[in-house]
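Here is the structure we will look at, set down as structure tokens.
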2 protein chains.
Amino acid sequence: MDVTDDSATTQRGTARDRALDAARTLFSQNGVSGTSLQMIADHLGVTKAAIYHQFHTKEEIVVTLLEKPLAELETIITEAEAMDAREDQLDVLLKGLVDVVLANPEVVGLIQGDPAAARIAQVGRLHGDTGRRLTNLLSGPHPDPEARVASVLYGAGLMSIGHHPLLSDIDPETMRSELPRIGRLMLR
Amino acid sequence: MDVTDDSATTQRGTARDRALDAARTLFSQNGVSGTSLQMIADHLGVTKAAIYHQFHTKEEIVVTLLEKPLAELETIITEAEAMDAREDQLDVLLKGLVDVVLANPEVVGLIQGDPAAARIAQVGRLHGDTGRRLTNLLSGPHPDPEARVASVLYGAGLMSIGHHPLLSDIDPETMRSELPRIGRLMLR
DNA sequence: GTCTATAGATAGATAGAC
DNA sequence: GTCTATCTATCTATAGAC
């Protein structure tokens, strides 16, 4: 069964991308620690060794999944930091954050809820002070307790909301308008 | 070293309670799947068998940890449902939810973020429609998409916030006044 | 009530055939 | 590039001595 063309379903780099897709799905369902390489292999109908041919360790899979959303997040933060007015800063930040969350719902949920993923996200040499910069932007120029509570509440909620079952029927346009609106309400 | 009185540190039922304390701490740090019975035993300086003497399975530990906060949650929900005016309903609900979260920060965080804990919380015959009732109360009499997004965002954020490292220096009084206030702002 | 010992399954990971 | 086979470590859980 030769596959000589790059079909639209599973493009180039097939095996690797399919492994990442399966891992992302299973990680978000069972957590990183709750997902074995055997489960990923079974999901694809291959053996564990086939997965290990693409990634040398389980952690390498997690790192690969985290790379894109973390890079997008850092871009957003940098853009927001470049704004002068606080209102513009918040607008750019909230719109960007919501876009990242809606584009990477499962992975973002992992960073928020899964201790194994959170550890890898922090350790992986990547984005050492990203968390601090994000916190500063959210809490604003007057990081009193009230502002900090609101910003952490919003940040944590946002990261958990992307693939929440109770909102699976809400269309993305509503999410994309409501989430920044609520953010401005909370953080103003 | 006899303990005949119920001291404030490790009351009656010593071994069992110490096991629960260790499990709660480790579960919240590493997740349920990321915590082995060996880790719990090591944390207490005992063997795995000592843990298995108190609990027959790992899941039984999780169920035991979830019982109290889930029971408290159901009480709050019932109290709120008994209110006539929407404003009173929301006041009772928000104050109660915040109290539960602040009293059980680690466990509540597990229910929100850990798929293994969430599954046990739902399956464990306990509180079959608690989630639906809570959602109805939060979303209010007009559960349009906007109200639902706000209620899920608040609920998810609240459950993740109890033992968040960025808020560890905020005094409980501030949390207890700010969190319901933000909730009313979002859900009104 | 806590231990040793161990079963049985599965984890992550490697080597080498095809 | 995917397979079989296998290693070692660790997992949950049990049985039985002390």
Side-chain angles (χ1 to χ4, degrees), chain A residues 1-7 9-24 26-27 29-66 110 114-117 119-120 123-124, chain B residues 1-4 10-24 26-27 29-66 110 114-117 119-120 123-124:
Chain A
M1 205 205 275
D2 278 13
V3 177
T4 47
D5 67 321
D6 293 359
S7 78
T9 43
T10 49
Q11 296 101 330
R12 212 172 40 130
T14 314
R16 183 182 166 93
D17 287 345
R18 286 197 302 151
L20 284 176
D21 286 344
R24 181 166 37 233
L26 293 170
F27 284 164
Q29 283 173 5
N30 315 306
V32 172
S33 299
T35 302
S36 66
L37 291 181
Q38 187 68 65
M39 291 165 71
I40 299 174
D42 289 348
H43 191 87
L44 293 174
V46 301
T47 62
K48 277 191 294 182
I51 308 294
Y52 271 107
H53 184 261
Q54 307 290 344
F55 303 94
H56 296 104
T57 64
K58 186 179 176 180
E59 175 163 333
E60 194 178 310
I61 303 178
V62 179
V63 169
T64 305
L65 286 175
L66 294 180
L110 282 181
D114 192 314
R119 209 163 291 151
I120 293 173
V123 172
Chain B
M1 206 205 275
D2 279 13
V3 178
T4 48
T10 48
Q11 294 102 331
R12 216 172 37 131
T14 316
R16 183 180 167 94
D17 288 345
R18 285 198 302 150
L20 284 176
D21 285 345
R24 182 168 35 236
L26 292 170
F27 284 165
Q29 284 174 3
N30 315 305
V32 172
S33 299
T35 303
S36 66
L37 290 181
Q38 187 68 67
M39 291 165 72
I40 299 174
D42 289 348
H43 191 87
L44 293 173
V46 302
T47 63
K48 278 189 293 182
I51 309 294
Y52 272 107
H53 184 260
Q54 306 290 344
F55 304 93
H56 296 103
T57 64
K58 185 179 176 181
E59 175 163 335
E60 195 178 309
I61 303 178
V62 180
V63 169
T64 305
L65 286 175
L66 295 180
L110 281 181
D114 193 312
R119 208 164 291 153
I120 293 173
V123 173

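Each chain gets a letter, A, B and so on, in the order its sequence line appears, and its residues count up from 1. Side chains are part of it too, since the values below use all heavy atoms of this structure and drop only hydrogens, waters and symmetry mates.
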Worksheet entry | Which residues share a side-chain hydrogen bond (donor to acceptor under 3.5 Å, both in side chains) with A:Gln29, sequence neighbours left out | none
Practice prompt. Under the side-chain hydrogen bond (donor to acceptor under 3.5 Å, both in side chains) rule, collect the residues that match up with A:Gln38, sequence neighbours excluded.
Written response: A:Asp42
Response to the item:
A:Ala23 meets the side-chain contact (heavy atoms from CB on, under 4.5 Å) criterion, sequence neighbours left out, with A:Phe27, A:Ile40, A:Ile61, A:Leu65
Fill in: Protein-to-nucleotide contact annotation, 5' to 3' order, nucleotides 1-13 of chain D [B base; S sugar-phosphate only; - none; under 4.0 Å, heavy atom]
BBBB------SBB
Fill in: All side-chain contact (heavy atoms from CB on, under 4.5 Å) counterparts of A:His53, not counting sequence neighbours
none
Which side-chain N or O atoms in residues 43-52 of chain A pair as donor and acceptor under 3.5 Å with protein atoms at least two apart or in another chain?
none

